[in-house]
Amino acid sequence: MSDTGKLQATPLPLQGVKVLDLSRFLPAGYATMILADYGADVIRVEQPNEVAKQNKVFGRDHLSAEALRAIKEQEMLARNKRSLCINLRDAQARSALQQMIAGFDVLIHDYRQENAKAMGLDYASVKQQFPSLIHVEVSVCGQSGPYQSLAGHDPIALALSGALSRLGGELADFNIPGMPVGDLATGLHTVIGIMAALRSRDATGHGQLVDVAMSDCALSMMTSVMQRYLMEGKAPPKSWRGANIGLWKTKDGKVLCTTDLEPAYWRKFCTAVGREDLTPLQFAQGEDAEFRDAELTQVFASRSRDEWFALLREAGTQVAPAYELADALRDEHAIARGTVVSVPGSDGQLTQQIGPAVKLSTSPGTIRHLGRMPGADNQAVLKEFGFSEEEIAELLN
């Protein structure tokens with residue numbers, strides 16, 4: 001097993017924190033993955049009908065149990081979590097869940113408010129009985145305001161924040177990006193909210209509602225852009241048009257990225273590519289800028305991406321290869337830092353995962369186990385919460 005997968009003598013930073021995870025979508029699921037990576041005991045509640053629907057949507061309903069297990073082990077959002085699979089449409093299952101809530105520090109869900117109320121999982125229904133519980137509700141627009149009931153996914157939040165108007169650069173008015181930046185930003189903000197609420201509970205003994213709106217999180221990502229807009233009275237450019245921040249096509253058809261914004265770096269860059277004559281043209285406009293960019297385009301077409309990366313790195317400029325997905329997973333730096341790791345599955349075969357991003361020196365996050373099949377921990381979890389064999393059999397029937 002990789003170092004990331006080994007247990008360690010130093011307790012993980014969130015060891016002892018118990019999280020009841022009712023999430024179904026990426027933002028909350030990403031948040032609980034991060035909590036689990038740093039030691040929280042996350043119990044992921046899955047529902048049989050939802051599992052069956054997901055398998056059908058993705059064409060997996062005909063696969064064997066072994067094939068499904070292999071797929072589940074590749075699911076990063078399921079790692080380090082225990083799985084409890086019960087039918088929350090059933091009153092008995094909902095009652096059992098209510099009995100279990102007292103044993104958790106954090107309850108997180110992404111149900112719409114009316115659905116949460118119907119299940120007795122909204123904050124108002126839970127707070128009186130469980131005053132120390134951190135109650136986390138992740139939604140598109142939050143639990144208050146005119147858009148409270150608005151449904152949607154990542155692009156809706158980006159649209160409301162103004163971010164969607166900028167992601168296509170100058171060539172497009174609006175563009176949906178190729179990665180779910182709104183979902184992921186929401187997941188990160190959710191972790192921050194949970195940690196802040198836990199710290200507050202340490203001081204007061206009281207839990208609280210952590211109301212996370214994707215639209216708020218997307219707008220928060222716009223802080224630097226909005227700051228410039230408010231200070232200058234106009235929107236800053238949607239993209240950078242200058243050689244000191246450049247994407248260059250190289251001889252092998254690949255792409256190199258440079259960000260030599262500071263004049264000292266720009267001088268190093270021009271010297272390294274053998275075009276010191278371009279140094280005065282860093283901030284050139286018009287025909288001079290067109291000349292500079294055309295000359296550099298020809299320069300970069302003379303060598304491969306990796307040759308340029310080695311040369312400019314040696315010169316001390318700001319440079320990186322612009323990777324495709326497969327390249328990023330093979331990158332020696334990401335592997336050396338444990339940000340790309342290989343973890344053995346139940347069949348002994350290695351599965352690649354994106355490891356914990358934040359590196360703690362004495363209690364780093366770990367991948368202790370890969371994703372488990374829905375319901376794999378039913379017996380152990382329910383026994384842990386005091387249910388008898390007869391009650392478990394009846395509940396799971």
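Remember, predicted model here, so these are calculated numbers, not experimental data.
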*salt bridge (Lys or Arg N to Asp or Glu O under 4.0 Å) against Lys53, all qualifying residues, sequence neighbours excluded*: Glu50
*If you group Ile, Leu, Val, Met, Phe, Trp and Tyr whenever their side-chain heavy atoms sit less than 4.5 Å apart, what else falls in with Trp308?*
Trp248, Leu256, Trp266, Phe269, Val273, Leu278, Leu281, Phe291, Leu296, Val299, Phe300, Phe309, Leu311, Leu312, Val319
*Using links of under 4.5 Å between side-chain heavy atoms of ILVMFWY residues, direct or through other members, which residues join Tyr265 in one cluster?*
none
*Partners of Asp105 by salt bridge (Lys or Arg N to Asp or Glu O under 4.0 Å), sequence neighbours excluded?*
Arg201
*Excluding sequence neighbours, so at least two apart, what forms side chain to side chain contact (heavy atoms under 4.5 Å, CB included) with Lys251?*
none
Donor-acceptor pairs are to be reported for all side-chain atoms of residues 320-329 against protein atoms at under 3.5 Å, with residues two or more places apart or in another chain.
from	atom 1	to	atom 2	distance (Å)
Tyr323	OH	Asp331	OD1	2.6
Asp327	OD1	Arg330	NH2	2.8
Asp327	OD2	Glu324	N	3.4

*What residues form a ring pair (Phe, Tyr, Trp, His ring centres under 6.0 Å) with Tyr30, not counting sequence neighbours?*
none
*Listed by chain and number, what are the side chain to side chain contact (heavy atoms under 4.5 Å, CB included) partners of Leu350, not counting sequence neighbours?*
Ser342, Pro344
*Members other than Phe58 in its cluster, when Ile, Leu, Val, Met, Phe, Trp, Tyr link by side-chain heavy atoms under 4.5 Å?*
Val57
*Does Arg60 CZ have over 12 foreign heavy atoms under 6.0 Å away?*
yes
_Set of residues satisfying side chain to side chain contact (heavy atoms under 4.5 Å, CB included) with respect to Lys254, sequence neighbours excluded_ = Thr250, Asp252, Arg305
Determine all donor-acceptor pairs shorter than 3.5 Å in which one atom belongs to a side chain in residues 203-213; sequence neighbours excluded.
from	atom 1	to	atom 2	distance (Å)
Thr204	OG1	Ser200	O	3.0
Thr204	OG1	His206	N	3.1
Asp211	OD1	Gln143	N	3.3
Asp211	OD2	Gln143	N	3.2

*What's in the same ILVMFWY side-chain cluster as Tyr229, cut-off under 4.5 Å, chained through other members?*
Leu230
